[in-house]
Structures are given as C-alpha cells and as structure tokens.
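Computed from a predicted model, the values in this text were never measured in an experiment. Counting begins at 1 with the first residue of the sequence. Quick note: numbers below take in every heavy atom, side chains included, and nothing from hydrogens, waters or symmetry partners.
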Amino acid sequence: MNPVDNYFLNLNEPERSLLLLLRDLILKTDENITLGWAFQMPFFYYKKKMFCYIRIEKKSGMPYLAFAKGKFMQHPHLESGDRKLFKILYLNTQEDLDNNLVKNLLHEAISYY
C-alpha cells in the first residue's frame with residue numbers, strides 16, 4: 001500500500017471521511033492537480049509545483065487545508081499563524097464541508113501559478 005492510501009486508512013472517523021471528501025474535491029478542481037506524498041503527509045501539486053496539503057494538527061487535533069501560495073491569499077477564513085508562506089483553513093469535523101468556500105480558495109490559489 002502506498003503512503004498516501006495508508007495515511008487515510010489510519011485516520012479515525014470523522015476525520016477520515018472529511019479528508020477523503022476534501023481530497024476528492026481538490027483533485028476534481030483542476031486536471032493539473034496531482035496527489036503525492038511529501039513531508040509525511042498527502043501533498044497536492046499544481047503542474048508539478050507545491051500547491052496545498054491536508055493534515056491534522058497535532059496539538060488541537062483539528063484537520064486543516066494549507067495553501068503553498070497562502071502569503072498572497074487574502075481571505076478571512078485563512079490563518080497564517082507562525083507560517084511565513086502557507087496559510088491554512090481549519091476544518092470542523094462536526095459541520096458539513098463548505099464546498100463552495102473550498103472551491104473558491106482552490107481557484108484563487110491556482111490563479112497564483
């Protein structure tokens with residue numbers, strides 16, 4: 001089994017379902033987005049350049065989506081924290097994923113490539 005599949009398989013619910021849904025949403029956004037494995041997590045590339053990744057924060061246990069070109073993105077739902085380049089969107093496992101918000105952020109991120 002490849003590391004990406006293993007990553008998702010080892011997640012607990014409801015995080016697994018949320019991140020699998022997010023994975024599919026990201027991959028369907030643009031044919032130039034591919035999924036790989038980098039830095040011990042699923043990493044998405046746009047035209048072979050770092051695009052975004054999904055992860056569960058160790059301290060809080062909250063899943064999030066991080067954008068490589070986040071420093072250029074100005075959106076009230078994105079946070080930079082201690083990061084210089086990436087901005088993240090925290091995801092709530094107790095709520096339905098806001099597909100429109102995620103799609104809009106993905107399209108904005110694509111515009112910087």
Side-chain angles (χ1 to χ4, degrees):
M1 183 176 301
N2 72 47
V4 174
D5 291 338
N6 197 39
Y7 176 86
F8 289 109
L9 184 63
N10 288 319
L11 293 174
N12 294 322
E13 289 296 344
E15 290 83 5
R16 179 187 307 153
S17 294
L18 176 65
L19 293 187
L20 285 171
L21 176 64
L22 186 58
R23 177 196 66 186
D24 293 344
L25 183 63
I26 293 168
L27 290 172
K28 289 178 182 176
T29 299
D30 191 288
E31 63 185 21
N32 293 301
I33 297 175
T34 57
L35 176 58
W37 183 255
F39 312 107
Q40 307 284 306
M41 63 187 147
F43 215 99
F44 297 87
Y45 298 87
Y46 182 76
K47 296 184 178 179
K48 299 184 181 180
K49 294 181 181 172
M50 290 191 331
F51 181 62
C52 66
Y53 67 88
I54 51 180
R55 187 171 195 142
I56 297 179
E57 192 172 66
K58 290 179 183 175
K59 289 182 183 179
S60 68
M62 288 191 68
Y64 65 88
L65 170 62
F67 293 95
K69 299 281 186 176
K71 72 177 184 177
F72 302 112
M73 299 173 72
Q74 301 298 319
H75 194 281
H77 287 94
L78 294 177
E79 300 177 26
S80 57
D82 296 338
R83 298 165 187 85
K84 292 181 182 176
L85 301 176
F86 285 79
K87 283 191 182 175
I88 63 172
L89 171 69
Y90 282 106
L91 306 165
N92 187 338
T93 58
Q94 303 304 315
E95 297 176 3
D96 288 340
L97 182 64
D98 186 343
N99 290 354
N100 288 331
L101 171 63
V102 173
K103 285 179 186 178
N104 288 338
L105 290 171
L106 290 167
H107 287 292
E108 180 182 348
I110 288 170
S111 74
Y112 295 110
Y113 286 84

Do N104 and L101 come within less than 4.5 Å of each other through their side chains, counting heavy atoms only?
no
Using every non-hydrogen atom in the two residues, find where T29 and L25 come nearest and quote the distance to one decimal.
OG1-O, 2.7 Å
Mind checking whether Y45 and F51 have ring centres under 6.0 Å apart?
no
Are Y53 and I110 connected in the hydrophobic side-chain network, where two residues link if heavy atoms are under 4.5 Å apart?
no
Rounded to the nearest 0.5 Å, how far apart are CD of Q94 and CG of L18?
10.5 Å
For D96, look at atom CG and say whether over 12 heavy atoms of other residues, nucleotides or ligands are found less than 6.0 Å away.
no
So, the side chain of K87 versus the backbone of M73: is there a donor-acceptor pair under 3.5 Å, distance only?
yes
Quick check: do Y113 and K47 have side-chain heavy atoms less than 4.5 Å from each other?
no
Roughly how far, to the nearest 0.5 Å, is the NZ atom of K103 from the CG atom of D30?
13.0 Å
Can you name the side-chain hydrogen bond (donor to acceptor under 3.5 Å, both in side chains) partners of N100, sequence neighbours left out?
none
Is there a path of hydrophobic side-chain contacts, each under 4.5 Å between heavy atoms, that joins F86 and V102?
no
Side chains of residues 1-9: which donor-acceptor partners sit under 3.5 Å, not counting sequence neighbours?
unit_1, atom_1, unit_2, atom_2, d
N2, OD1, V4, N, 3.0
N2, OD1, D5, N, 2.8
N2, ND2, D5, OD2, 3.2
N6, OD1, N10, ND2, 3.2

Are I88 and L91 connected in the hydrophobic side-chain network, where two residues link if heavy atoms are under 4.5 Å apart?
no
Verdict with reasoning, L27 to F44, per side chain to side chain contact (heavy atoms under 4.5 Å, CB included)
CA-CA 8 Å; L27 290 172; F44 297 87; 4.0 Å; yes
Mind listing the side-chain donor-acceptor pairs of residues 55-70 below 3.5 Å, one per line with the distance, residues two or more places apart or on another chain?
unit_1, atom_1, unit_2, atom_2, d
E57, OE1, S60, OG, 2.5
E57, OE2, Y90, OH, 2.7
S60, OG, M62, N, 3.2

Shortest non-hydrogen contact from L11 to R16?
O-NH2, 2.7 Å
Taking atom CG of L19 and atom CG of D24, what is their separation to the nearest 0.5 Å?
11.0 Å
Those residues that, when tested against N99, pass side-chain hydrogen bond (donor to acceptor under 3.5 Å, both in side chains) (two or more places apart):
none
What pair of heavy atoms forms the shortest contact from I54 to M41, and how long is it?
O-CB, 4.2 Å
Output all residues satisfying side-chain hydrogen bond (donor to acceptor under 3.5 Å, both in side chains) with E13, sequence neighbours left out; order by chain, then residue number.
S17
Is there a path of hydrophobic side-chain contacts, each under 4.5 Å between heavy atoms of I/L/V/M/F/W/Y residues, joining I26 to L89?
yes
Between atom CH2 of W37 and atom CZ of F43, what is the distance when rounded to the nearest 0.5 Å?
12.0 Å
K28 meets the side-chain contact (heavy atoms from CB on, under 4.5 Å) criterion, sequence neighbours left out, with none
Do you reckon Y46 sits in the same ILVMFWY cluster as L35, going by side-chain contacts under 4.5 Å, direct or chained?
yes
